[in-house]
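Below is one structure; the comments refer to it alone.
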Amino acid sequence: MGTTLNGSAAVASPASRGRRRSKRSPLTRGQNLFGWIFVSPALAVLVIFLVLPIILALYISFTDWSGITSPFSHLVHWVGFQNYRTILTEPGLGQSNFGTAVRNNFYYVITVVPIQTALSLWLAILVNNKFLKGKGLFRTAFYFPSVTSSIAITTVFIFLFSTTGVVNRILGFFGINGPNWLYDQNGVITTILAALGVHNAPSWSNFQVLGVSLWGWLSGPSFGMCVIIILAIWTTSGTFMLFFLAALQNVSEEVEEASEIDGASPWQRFRHVTLPMLRPVVILVATLGFIGTWQVFDQSYLTGPNNPTMVTPAFLAYQVSFSDFAFGEGAAIAFILFAFIVLLTLLQRKFVREDLTK
Amino acid sequence: MRKRNRIGVLALGVSLATAVVGLSSGAIASAATGGARQPAAVGSVRLTGATKGVTLNVMIATSGAAETAAVKKETSAWAAATGNTVNVETPANQTESLDEGFAGGSPPDIFYLSANQIETFAKQGDLLPYASSIDKPSAFYSTLVKADTYNHTWYCVPKDFSNLALEINTTMWKAAGLTNADIPTTWAKLVYAAQKLTSGKVVGLDVGNTIDRLGAFMAENGGSYMNKAGTGFAFNSPQNVAALNWFVKYDKAGIFKLNSQQGAGWAGQAFGEGEAAMATEGNWIIGGMASYPKIKWMAVPMPAGPTGIKGTLTFTDCWGIAAQTKYSKAAANLVNYLSSPAVETYNAKAFGPLPPRPAVAAAYAKANPIMSAFVAGTPYAMPQVETVGWSTVQGAFDGQVTNMANGSVSPSTLLNQLQTNAQALLAP
């Protein structure tokens, strides 16, 4: 135990490392060596299964590898940034498919993240109530969707939302003619506009970004995407409820009682006492939500082939690779997505940190 | 990729699993010894390696238990007769497993290959062009041999094929007062029958929302995917545009529908659930219909277009041999046996694929009349596009087909887009 602690301290701080090196004794040198030996299995696993594949994938994104030869065979050519150009700048199917996928996922992210964060916080507060009976049951019930296979849940949702499924039957009971959920490609916003009498796209909206017109970008999530959004909120809020629950249990009762004695209403108590104390967890949940929602794959895998408005970049990368044998382009999509997530997360953290200094 | 439906294929496997029991293993064993003759090396391919005591790996994209059992039975009969060992692998997703095998340098020796992937694999030097070395190469349908040919080289031996035909719900047919004289042999008759059959929630004709079904109407209207010289695509030809306009016209009239408009996973589902009186699927629907035993139905060849042109679409798989195999001679021997008339007939009975030799297919269709409608289209059936990258281009078209039927995009716009996207594949 002492060995590893010393070893890691030496690695962590340059100052201490310098001091140690100057008067390095045979004993501490041995400790360093043993430290490395002890961490080497974990390190080897990380390098072999994480670092090397990432480097290989980065290399592949600059080649025309077909996936059916060795990536180092003479048939694989270095194509520079061609795959990135196909996706980002050259008009064509590669660009418009990627643009559509980003549009689809964008609406998914901006609806899922706020709703799931608010819902999971609300659920956590509910099941944290001292006076609630059968807490265990409720906590299990809310958490259950999170531990169920997402493929199984999606399949059930496909049945629920089919044209003659339960959802449309219920809507029909109230005299509403439900949409053809899974195949409907119309955006929610365009549908509302159409109901208000706006049928044709104004001319300014023909301007294309990533091969998709502005009208396309503004059309909102399709009805099909709404199904996935509902599904995602339902399944993931249980996980994040646990995060909030753990944090809520750290909020000491004395503080709450003190605020009560000071005459704070339940809302004021929540807004000005509980929520500020949960702030780090809110940031964590939002960040994890942001990262996770840009990587939707399972739901898209089951529904995407039937409806282009349900394809996400993660699924597109898979599809391009495995059905067109364009692994270079697939890897490029994955890296653009990676850069995108890093950028957005940094922006989010910057935004949140500035807020903190107020 | 062959557009078989997962659910349908599963049902096919389950329903036919019992059929395998009936086989006399003697017939297979004797065929195995007969098929083990050494085919001579032909053309530029030299078949090498030992032919005894070797282990061959065969990877199949199985449609279910019946197919797996049949292939295992046949390969072990061959293995026993020739003193070799054969492992049959049945991965859940064969394309992915095949990719992994080739990328890792250890592909299976023999594998199923969809004809539209031949170009992709051949370009990478992964395919052994062994096909012309097998027994009686001229006994196969020339259309299938053509589909398995890339750059003037016949790469792999056809395994089986499927054609589209018109399926009719006979109960609804009689209830609508239609007779044998009304069987749709032309588009006019198809429209007439569909009008008669449409009532309430039942639609006259359900068609799959993909070019792999709608393409049949293009062919019947005198159109095609490729131009006459075969040098480029011709998706936006007047014939193709007119064919889709014709479909959309009757879709709007409510007598034709796409499976997506009916909320069905494929046309066979709408047909099986009694929401459509007719469908245009391939012979895989026979397995799919096993899930709907109450539906009485028949199959007839696809109708001819307005100028009397017959057309349908064909989908075919072949036996690929990896160029990397150490035992190409033994592998070619095994394929020779697996594609012998006896085994093809047995397979057709066991799990329903059409035998790729005219003589065998004719005999099979005679014994199973429902098959004759599917076999009938072979001489004029149009194959799938085989160009590398086609899958994404087709996906973009198929994804818009429902919008086309709903009227939010016109057939000519869609076919022009398809033409542009497909032509881009040919650009160097």
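Quick caveat, the model's predicted, so the values are computed rather than measured. Sequence lines set the chain letters: A, B, ... in the order given, protein chains first and strands last, and positions in each chain run from 1.
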Practice problem: Mind checking the CD-OH spacing from B/Gln262 to A/Tyr183? Nearest 0.5 Å is all I need. | Solution: 11.0 Å

Quiz item: Rounded to the nearest 0.5 Å, how far apart are CD of B/Gln417 and CG of A/Leu93?
Solution: 9.0 Å

Quiz item: Relative to chain A, which segment of B/Val393 carries a heavy atom at a distance below 4.5 Å: side chain, backbone, both, or neither?
Solution: both

Exercise. May I ask you to check whether over 12 heavy atoms, not counting those of B/Asn151, lie within 6.0 Å of atom CG?
Key: yes

Quiz item: Between A/Tyr318 and chain B, which part of the residue has a heavy atom less than 4.5 Å away: side chain, backbone, both or neither?
Solution: side chain

Exercise. Find the one option among B/Val388, B/Asp126, B/Asn93 whose heavy-atom pairs under 4.5 Å with chain A are most numerous.
Key: B/Asp126

Quiz item: Which region of A/Trp181, side chain (C-beta onward) or backbone (N, CA, C, O), has a non-hydrogen atom less than 4.5 Å from a non-hydrogen atom of chain B, or is it both or neither?
Solution: neither

Quiz prompt | Side chain, backbone, both or neither of A/Ile68 within contact of chain B (heavy atoms, under 4.5 Å) | solution = both

Quiz item: Quick one: what part of A/Asn97 sits under 4.5 Å from any heavy atom of chain B, side chain, backbone, both or neither?
Solution: side chain

Exercise. Among the options B/Gly399, B/Ala396, B/Ala103, pick out the one with the most heavy-atom pairs lying under 4.5 Å from chain A.
Key: B/Ala103

Quiz item: Which of residues 71-84 of chain A get closer than 4.5 angstrom to chain B, counting heavy atoms alone?
Solution: A/Pro71, A/Leu75

Exercise. Drop me the distance from B/Asn209's CG to A/Asn307's CG, to the nearest 0.5 angstrom.
Key: 10.0 Å

Practice problem: Starting at CD of B/Gln117, measure out to CG of A/Asp324 and round the result to the nearest 0.5 Å. | Solution: 10.0 Å

Quiz prompt | Contacts of B/Trp319 that satisfy side chain to side chain donor-acceptor pair (under 3.5 Å) - sequence neighbours left out | solution = none

Exercise. Calculate, to the nearest 0.5 Å, the distance between atoms CZ and OG1 belonging to A/Phe322 and B/Thr95 respectively.
Key: 9.5 Å

Exercise. Look at atom OH of A/Tyr59 and say whether more than 12 heavy atoms of other residues, nucleotides or ligands are closer to it than 6.0 Å.
Key: yes

Quiz item: Taking atom CG of B/Asn403 and atom CD of A/Gln185, what is their separation to the nearest 0.5 Å?
Solution: 4.0 Å

